[in-house]
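Indexing begins at 1, ligand by ligand and atom by atom, following the structure's order.
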Amino acid sequence: MEQSHDPAKGGEVAMSVVGIIGSGVMGKDVAVTCAASGYNVVLYDHDPGVLGAAEGDIRTLVRRYRMTAPEDPRWRDKGIPDRIRITDDMAEFAGADRIIENVVEDAAVKEEVHRELREVCGEGPLIAVNTSCVSITRLAALAARPESVIGMHFMNPVPLIECVELVRGHHTSDETVKRAEGFVDSLGKRPVVVRDSPGFVSNRLSHLFMNEAAFLVQERVADPEQIDEIFTLGYGHKMGPLATADLIGLDTVVDSLRVLYEDLQDPKFRCCPLLKKMVDAGLTGRKSGQGFYTYGVSR
Ligand code: NAD
């Protein structure tokens with residue numbers, strides 16, 4: 001284990017800075033997870049509107065996890081929001097030990113961010129890419145030290161999911177895998193290391209389920225509730241594929257299906273037209289308040 005995840009023990013973790021790029025659904029969840037484990041966090045986004053809302057969103061998330069995970073002592077720490085510094089300047093990552101990139105699931109945008117990162121942080125930190133499907137190898141090739149780049153696929157909601165899929169790209173060194181495993185361990189989570197391939201293990205499987213479930217709704221074979229019940233009550237999954245798609249964000253699901261379709265050149269990943277239509281209409285799931293289901297609170 002690289003470091004203790006007990007904030008009370010302070011020491012190495014308290015000195016340690018994690019830079020987070022992208023303050024969307026995942027960026028904020030990863031930020032509060034790291035801060036709850038005692039890390040100092042620098043949270044960056046390029047969108048002033050997103051940054052303006054980030055502090056309030058973070059306080060809401062901490063309150064939510066304090067209630068949903070009352071058995072976890074980390075959430076009782078009142079100092080979690082104070083350990084997250086919000087910035088519009090990537091230069092503040094200088095000196096960070098680890099950087100976790102969580103920008104939109106668009107390979108071109110991620111490439112631009114990784115090129116910029118190369119200028120900012122040079123050779124030092126571990127660079128973790130939180131992506132559903134984009135090639136880790138392709139992004140690592142843009143880095144100052146491709147061997148220090150690894151995929152770190154956190155799952156949503158980050159504090160409540162035990163597993164993190166670590167993705168070893170073509171260049172990723174053994175030392176980087178070890179550092180990443182230690183870091184995931186310090187967050188109280190279990191790393192599972194797989195090789196780089198579009199969608200890795202998790203999303204290659206889950207996007208087939210979610211896409212096919214959308215086709216079933218489009219063809220009026222069943223309602224979203226019925227489809228999800230077959231998964232939860234019939235197969236014992238915690239959530240059905242359509243509730244999961246709403247949680248992820250239908251825009252992110254559509255983007256990921258595009259990457260899978262293009263990178264694997266396999267028609268089985270063709271995106272269901274209903275999913276695209278819902279995204280065009282702004283029905284992106286929980287974050288917009290409406291997807292396959294209606295939600296009272298957006299995030
Ligand atoms: P999101 O759309 O909620 O947030 C993305 C953020 O990136 C936005 O705040 C946006 O302003 C920011 N951004 C875009 N371009 C930027 C740039 N050039 N510089 C800085 N910030 C920029 O997306 P998300 O759901 O948080 O997903 C982020 C990543 O995590 C994606 O690669 C996604 O596939 C992956 N992921 C998502 C989930 C999920 O459930 N949503 C789960 C696992 C992994």
- Hits for side chain to side chain donor-acceptor pair (under 3.5 Å) against Asp246, two or more places apart or cross-chain, chain-then-number order -> Tyr295
- Determine, for Asp255 against Arg258, whether the closest basic-nitrogen to carboxylate-oxygen distance falls under 4.0 angstrom. yes
- Item | side-chain hydrogen bond (donor to acceptor under 3.5 Å, both in side chains) partners of residues 215-228, not counting sequence neighbours, each pair once | Asp228-Tyr293
- Task: Apply side-chain contact (heavy atoms from CB on, under 4.5 Å) to Ile227 and list each qualifying residue two or more places apart in sequence or on a separate chain.
- Result: Ala213, Leu216, Val217, Ala222, Pro241, Leu242
- Item | Distance-only polar pair, side chains of His207 and Asn203, donor-acceptor under 3.5 Å | yes
- Every residue of the protein that comes under 4.0 Å of ligand 1, judged on heavy atoms: Gly22, Ser23, Gly24, Val25, Met26, Tyr44, Asp45, His46, Asp47, Val50, Asn102, Val103, Val104, Glu105, Val109, Lys110, Val113, Asn130, Thr131, Ser132, His153, Phe154, Asn156, Ile248, Thr252, Lys287
- Message: Tell me if the CZ atom of Phe231 is crowded by more than 12 foreign heavy atoms within 6.0 Å.
- Response: yes
